[in-house]
2 protein chains.
Amino acid sequence: MKKQPVTIYTVAHEANVSMATVSRVVNGNTNVKPETRDKVLEVIKRLNYRPNAVARGLASKKTTTVGVVIPQITDGYFAELAAGIDDVAAIYKYDMILTSLDTVEQQPVQVIQSMLAKQVDGIIFMGHDLSDDLKKEFDNSAIPVLVSGSVVDDDSLPSVRIDYRQATKDSVNFLAQHGHQKIGLLVGYDQTPINAQNRIPAYQEALEAQGLVFDPANVFVGHDNYQESYQLAQQILDQGITALFVSDDLMAAGVLNALTDLGKKVPDDFEIIAGNGTATAQLTRPMLTTISQPMYDLGAVSMRLLTKMMTEGAGEDEELNVVMNHELVERQTTRADQ
Amino acid sequence: MKKQPVTIYTVAHEANVSMATVSRVVNGNTNVKPETRDKVLEVIKRLNYRPNAVARGLASKKTTTVGVVIPQITDGYFAELAAGIDDVAAIYKYDMILTSLDTVEQQPVQVIQSMLAKQVDGIIFMGHDLSDDLKKEFDNSAIPVLVSGSVVDDDSLPSVRIDYRQATKDSVNFLAQHGHQKIGLLVGYDQTPINAQNRIPAYQEALEAQGLVFDPANVFVGHDNYQESYQLAQQILDQGITALFVSDDLMAAGVLNALTDLGKKVPDDFEIIAGNGTATAQLTRPMLTTISQPMYDLGAVSMRLLTKMMTEGAGEDEELNVVMNHELVERQTTRADQ
DNA sequence: GTGAAAGCGCTAACAT
DNA sequence: ATGTTAGCGCTTTCAC
């Protein structure tokens, strides 16, 4: 079925109206006589006309497409966020160009430049690190950008997230209450703002508030990797640590399984709290006690906010930082009694 | 920093050449005198010119964007496929519009129509079901479409996948070898082609080849859902089943954990083989024995093949069905000895 | 309420 | 090797 494309002109011609009128009915403009509208609609249906979004984008300077940057598409935490974004995007008729940061071939800057070249109407950045190059790209672009599910260095960018400092403190306090003297911290990377400026300082503060000593040697880095975290378990044990807060569920599963394989009893010998509350937390045995984040909602709210910024051109300078609630969900890697 | 956009015309003017020449250097056309090229390049850099991909798309009728349809973005199996797709797409400078099928708001047909409206150059469909409406959309479109990580009803669409029938037989045979009389099957949905026409018939054939009886009551449906599969465990037990092949790792984890919670010993009392081999398989205790699929590669090959179809306009009628190898990886939900 | 016409920023013949 | 000139399919004033 070879088809020479049916354009707005074809429809206009067939319906004996002008392109402008067709455009009006397609875009729901009210200034069209009902009879005319019906006639046009009929022709559109008969010819199976579909507006070309590219042409529309060029003419209107809006693409109804948003760029979504994700650290890793297979990461359960960000996948949940993306699900929220995708759902809300669908509601508002936006499509999303999704790109992962961990591709071999592309630098983050290229990823963004490509999105910008495609004239996306906005960008949701899920990522832990914002290089100066990237920041410059964002600044130079006229479109809204927001950070979702993380925090980046400066607060120039609006964000939707939980309070990572408080979540860390809640966890450490909970563990300290159980009498642990050496409480460890396992994060993905220790230089990213979410950790360097939030979780690690909060960990230290909480420790000290509890009268415990902060020792940098008790902070471990697992690169958000299951295997690596699994390997780390022995070291953590060697350090004399008996309780651990882990920023990510997958890493937590790694040390939990390693501990079990090493003959340790969790939570009797060792307690663990994981920081995300993804589906993974319920897969392990024992199930992971977690700080549970409203991941889907974080994504949904992000996209909702972005649509607002895109349509109302809001936000240039008004600081938009939505901080959602987290909660500590006790499962089986912490002791029930105090 | 308000900016009136710098276009190809701005550059041409500033460099004292024509738009055509600028276009040539931007597109790497060799027919440009080196000095001219350098001059243009200098201006491009100085003005920070970035080609507008939308305008380019309209003029060239190529968007270097592909549509990727995924059943659920949080599904580990498809996420792995998507990772492969994304990586290869980056290599070939394609962006991907990713849409999940499980959004509340959108019908599959709308998802596709939106992609088509955006003039994607090709579509990778990861999904188990192809309605007639969808098929019609694909047929009417001039772009290549391929199915990845699944099979759909008719074979009109090229696909990249493993041999699901053989994988099922391998699993059933393995289990039968261990002397089980009642081997069950747990799939996501029993009406999708991948199950209705592949796994279920293969299950039956393998059973009968082993002299065992096929009983439809031993085929369970878990909707690719962990909780639902967890609940199903008791029923499966009640059926007198002692070994199970599960199409998806997450569902397998569900029955495995339920069985453990019910006091059953896996693999001593019950054996399980899961069908995907995602990261989840190694998270559970005991770890899941799986049919392992080269998920990343399936995605990568899909995208590679699609680029070929997009550039060479290949594939209209030549049947392209890439079938990759799977293997049975023994972990801990099956017995080591025979 | 409807039409005419001028772009949107670029590519792609076709000239030269 | 470079410039000219049409479009690509649509939106959007501005008239009528």
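In what follows, every heavy atom counts, from backbone to side chain, and hydrogens, waters and symmetry copies are set aside. As the structure is a computational prediction, the values presented were derived from the model and not from experiment. Quick note on labels: first sequence line is chain A, next is B, and so on, each numbered from 1.
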Q | Atom-pair distance (NZ on A:Lys118; P on C:dC8), nearest Å | A | 23 Å

Q. Reckon B:Val17 touches a base, only the sugar-phosphate, or nothing at all at heavy-atom distances under 4.0 Å?
A. sugar-phosphate

Q.
Tell me the closest heavy-atom pair linking B:Tyr49 and B:Ile8, and the distance in Å.
A. CE1-N, 3.5 Å

Q.
Nearest to the side chain of B:Lys33, heavy atoms from C-beta on, is which of C:dG3, D:dA1, C:dG1?
A. D:dA1

(Q) If we count only N and O atoms by modelled type, under 3.5 Å, do the side chains of A:Thr103 and B:Asp87 hold a donor and an acceptor together? (A) no

Q | Out of D:dT12, C:dA13, D:dT11, whichever nucleotide has its closest atom nearest the side chain of A:Met19 | A | D:dT11

Q. What is the minimum heavy-atom distance between B:Met324 and B:Asp297, and which atoms define it?
A. CE-CB, 3.7 Å

**Q.** Euclidean distance, atom CD1 of residue A:Ile8 to atom P of D:dC8 [Å, nearest integer]
**A.** 14 Å

**Q.** 5′-ward residue of the pair B:Val54/B:Ala20 relative to DNA chain C
**A.** B:Val54

Q. Among C:dT11, C:dC14, D:dG9, which nucleotide sits nearest the side chain of B:Asn27?
A. C:dT11

(Q) So, does A:Lys62 get its side chain near the phosphate of D:dT11, meaning an N or O under 4.0 Å from OP1 or OP2? (A) no

Q. To the nearest angstrom, how far is A:Leu58 atom CG from C:dG9 atom C1'?
A. 6 Å

(Q) From CG of B:Asn31 over to P of C:dA15, roughly how many Å is that when rounded to an integer? (A) 17 Å

Q) Are any of B:Tyr9's side-chain N or O atoms less than 4.0 Å away from OP1 or OP2 of D:dG3? A) no

Q.
Quick check on DNA chain D: between B:Asn16 and B:Ala59, whose nearest nucleotide comes earlier from the 5' end?
A. B:Asn16

Q) Just checking A:Asn52: base, sugar-phosphate only, or nothing, at a heavy-atom cut-off of under 4.0 Å? A) sugar-phosphate

**Q.** C:dG7 OP1/OP2 closer than 4.0 Å to side-chain N/O of A:Lys61
**A.** no

Q) Just checking A:Ser23: base, sugar-phosphate only, or nothing, at a heavy-atom cut-off of under 4.0 Å? A) base

Q. Do we see a donor-acceptor contact under 3.5 Å between the side chains of B:Thr65 and A:Lys118?
A. yes

Q. What is the distance, rounded to the nearest whole Å, between atom CD of B:Gln119 and atom C1' of C:dC10?
A. 16 Å

(Q) Salt bridge or not between B:Glu42 and B:Arg46? Use side-chain N to carboxylate O under 4.0 Å. (A) yes

**Q.** Among D:dA1, D:dC10, D:dG3, the nucleotide that comes nearest once only the side chain of B:Arg24 is considered
**A.** D:dG3

Q: To the nearest Å, give me how far apart NE2 (A:His13) and C1' (C:dG3) are.
A: 16 Å

Q: Taking only the side-chain nitrogens and oxygens of B:Thr7, find out if one of them lies under 4.0 Å from OP1 or OP2 of C:dG9.
A: no

(Q) D:dG9, OP1 or OP2 - any side-chain N/O from A:Arg56 closer than 4.0 Å? (A) no

(Q) Check B:Glu137 with A:Arg50, please: is the shortest side-chain N to carboxylate O separation under 4.0 Å? (A) yes

(Q) Side chain of A:Pro51 only, heavy atoms from C-beta on: which candidate in D:dC10, C:dC8, C:dG1 is closest? (A) D:dC10

(Q) Side-chain N or O of B:Ser60 versus OP1/OP2 of C:dT11: is the shortest distance under 4.0 Å? (A) no

Q. Which nucleotide, C:dT2, D:dT11, D:dG3, lies nearest any side-chain atom of A:Thr21?
A. C:dT2

